[in-house]
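Read through the structure below, which is laid out as structure tokens, and then see the notes.
Below, each value reflects all heavy atoms present in this structure, side chains not excepted, and no hydrogens, waters or symmetry copies. This chain uses plain numbering: 1 for the first residue, then up along the sequence.
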Amino acid sequence: MTISRHKGRIVPPPTTVTLERRWRALLDGHVISLRFSPDGSQLAAATVDGPITIFATDGTRRHDLPGHAMGTAAIDWHPDGRLLASAGQDGHVRLWDTTHGVQTQALCHGASWVERVAYHPSGRYLAAAAGKELRVWDDLGNLVCTHCDHASTIADIAWKPGTKQIAAVAYGGTTLWDLNQADPLRRYLWKGSSLVLAWSPDASMFATGDQDQTVHFWYADSGLDLQMWGYETKMRELAWDPSSRYLATGGGCDAVVWDTQASKKGPEGSKPVMLNLHKGYLNALAYQRTETKNAPALLASAGQDGLVALWRPTRGQKPLARYDFDTPISQLLFSPDDRALAIGGADGMVVLLMLS
């Protein structure tokens with residue numbers, strides 16, 4: 001199942017999409033995390049040194065938050081859009097009132113470096129990972145559960161869609177937890193180190209990006225796994241399309257798109273679509289959240305070459321649009337309405353691009 005370049009039948013692409021810059025701001029430091037509020041009215045940007053800035057969608061700086069003194073690692077919005085959670089190297093998860101720009105709570109994790117933070121879609125729970133420990137709090141800041149049964153430092157966490165279950169990935173595989181059980185629901189064992197985890201929207205599969213330049217597909221119910229290799233770098237870039245059929249992966253200069261329904265065996269033995277344009281390694285991939293039969297979801301790619309590109313991989317292998325920057329791109333995501341792209345740069349640049 002090594003990756004090979006595969007042209008296949010090219011379907012003429014639809015009308016070219018246009019990317020136009022709406023606004024640009026410059027922060028003091030590498031943008032490490034970038035998140036839209038659920039209603040799309042605010043954009044939060046965290047820099048690696050700690051500070052967090054809240055922008056309105058017209059580019060107005062609403063709040064400058066101190067973040068974490070030793071550095072911020074990740075941010076996530078509460079589904080109601082009033083609270084922003086942040087994780088950092090000071091061992092805390094901090095909650096920020098984005099209406100008034102003040103901290104409301106500091107939740108101690110007990111480890112020196114909190115790597116990941118994620119709200120449950122209901123807003124009732126907040127999970128964070130630090131070291132080998134996963135903690136979950138309720139919406140009042142009360143500790144619900146602590147899970148320490150991980151072989152090594154947790155690299156990533158993700159809520160399983162439609163459930164109260166959360167997956168944590170570390171060296172040795174992925175562990176699935178239920179909030180009401182002390183023991184894990186399931187272990188997906190693998191003798192290797194994974195860096196990121198992404199659930200398919202329908203929760204039937206999840207994928208991990210791995211240290212050894214591979215991608216794993218895991219079937220959630222059966223525990224069956226498939227491994228794809230042939231990448232140039234450690235795998236950190238994963239993006240599922242809204243139908244749960246296609247997974248876009250980075251791990252090099254090309255965006256590689258796998259069809260999980262290519263056969264009865266899933267992607268096993270299939271040839272991926274290779275999207276070749278970037279001259280530097282990819283740093284970010286993102287799919288639009290919605291699609292129609294006549295307009296499949298757009299895939300956005302961005303990399304160290306400062307290029308942002310838009311694609312419809314099921315319609316062809318030529319980019320529909322591109323936008324060039326003079327700095328490596330570190331963060332990329334679509335707005336909730338899919339009509340804009342937020343860009344974060346290694347030099348502190350934050351840009352909003354509009355699609356038309």
Side-chain angles (χ1 to χ4, degrees), residues 32-33 35 72-76 85-89 91-93 107-138 142-212 214-225 227 234-240 247:
I32 194 170
S33 191
R35 294 290 185 272
T72 297
I75 54 176
D76 196 29
S86 64
Q89 297 184 39
H92 287 80
V93 173
L107 308 173
C108 182
H109 201 298
S112 60
W113 192 331
V114 187
E115 282 274 10
R116 295 288 186 265
V117 63
Y119 269 111
H120 187 270
S122 69
R124 294 179 58 191
Y125 305 104
L126 175 64
K132 298 179 182 180
E133 189 172 281
L134 171 67
R135 290 191 178 188
V136 180
W137 295 268
D138 65 17
N142 300 308
L143 188 63
V144 174
C145 58
T146 301
H147 296 300
C148 305
D149 193 11
H150 301 95
S152 66
T153 298
I154 298 170
D156 201 8
I157 57 175
W159 293 97
K160 183 178 180 181
T163 73
K164 293 180 183 178
Q165 300 166 12
I166 188 167
V169 66
Y171 182 87
T174 301
T175 307
L176 185 64
W177 300 95
D178 185 276
L179 301 187
N180 300 317
Q181 296 185 24
D183 295 324
L185 284 175
R186 185 159 201 162
R187 295 187 190 275
Y188 302 88
L189 299 176
W190 176 61
K191 292 183 178 180
S193 181
S194 296
L195 305 173
V196 293
L197 181 150
W199 283 98
S200 63
D202 66 4
S204 64
M205 302 179 74
F206 66 88
T208 61
D210 307 321
Q211 179 88 14
D212 64 355
T214 64
V215 171
H216 256 90
F217 288 90
W218 295 87
Y219 290 89
D221 290 340
S222 67
L224 229 89
D225 74 300
Q227 189 179 32
K234 300 174 185 178
M235 178 55 63
R236 298 181 184 276
E237 305 82 29
L238 302 174
W240 286 95
L247 178 73

Quiz item: Which heavy atom of D210 sits nearest a heavy atom of S194, and at what distance?
Solution: OD1-OG, 2.7 Å
Exercise. Report yes if some heavy atom in the side chain of Y188 is under 4.5 Å from a heavy atom in the side chain of D225; otherwise report no.
Key: no
Self-check item: L197 backbone acceptor or donor facing T208 side chain under 3.5 Å
Solution: no
Quiz prompt | CZ on R124 to CG on L179, rounded to 0.5 Å | solution = 9.0 Å
Quiz item: Does R186 reach the main-chain N or O of L176 with its side chain, forming a donor-acceptor pair under 3.5 Å?
Solution: no
Quiz item: Which pair of heavy atoms, one from A129 and one from I154, lies closest together, and at what distance?
Solution: CB-CG2, 3.7 Å
Quiz prompt | 4.5 Å side-chain heavy-atom contact, V117 and V114 | solution = no
Exercise. Give, for atom CH2 of W177 and atom CG of L185, the distance between the pair rounded to the nearest 0.5 Å.
Key: 9.0 Å
Self-check item: Over all atoms of both residues, closest heavy-atom pair of I75 and S33
Solution: CG1-OG, 3.2 Å
Quiz item: Quick one: are Q227 and D212 in side-chain contact, heavy atoms under 4.5 Å?
Solution: yes
Quiz item: Taking only residues two or more places apart in sequence or in another chain, which ones pass ring-ring contact (aromatic ring centres under 6.0 Å, His included) with W190?
Solution: H216
Quiz prompt | Minimal non-hydrogen separation, M205 against W199, with atom names | solution = O-CE3, 3.4 Å
Practice problem: Kindly say whether the aromatic ring centers of F217 and F206 come within a distance under 6.0 Å. | Solution: no
Exercise. Could you tell me the separation between the CZ atom of R135 and the CG atom of L143, rounded to the nearest 0.5 Å?
Key: 6.0 Å
Practice problem: May I have the step-by-step check of side chain to side chain contact (heavy atoms under 4.5 Å, CB included) for L126 and V136, ending in yes or no? | Solution: CA-CA 5 Å; L126 175 64; V136 180; over 6 Å; no
Quiz prompt | Exercise: identify the closest heavy-atom pair between V144 and W137 | solution = CG2-C, 3.7 Å
Quiz item: Within the distance-only criterion (no hydrogens, no angle test), does the side chain of H147 pair as donor or acceptor with the backbone N or O of E133 below 3.5 angstrom?
Solution: no
Atom pairs and distances, donor-acceptor, side-chain atoms in residues 158-173, under 3.5 Å, two or more places apart:
{"unit_1": "W159", "atom_1": "NE1", "unit_2": "A118", "atom_2": "O", "d": "3.1"}
{"unit_1": "T163", "atom_1": "OG1", "unit_2": "K160", "atom_2": "O", "d": "2.9"}
{"unit_1": "T163", "atom_1": "OG1", "unit_2": "Q165", "atom_2": "N", "d": "3.1"}

Self-check item: Any side-chain heavy-atom pair of K132 and C148 under 4.5 Å
Solution: no
Quiz prompt | Counterpart residues, ring-ring contact (aromatic ring centres under 6.0 Å, His included), relative to Y119 (two or more places apart) | solution = H78
Quiz item: Listed by chain and number, what are the ring-ring contact (aromatic ring centres under 6.0 Å, His included) partners of W113, not counting sequence neighbours?
Solution: none
Exercise. List in chain and number order the residues that pass side-chain contact (heavy atoms from CB on, under 4.5 Å) with R236, two or more places apart in sequence or in another chain; answer none if no residue qualifies.
Key: L195, K234
Quiz item: With sequence neighbours excluded, what pairs up with N180 under the side-chain contact (heavy atoms from CB on, under 4.5 Å) test?
Solution: D178
Quiz item: For the residue pair T175 and P184, what are the closest heavy atoms and their distance?
Solution: CG2-CB, 3.5 Å
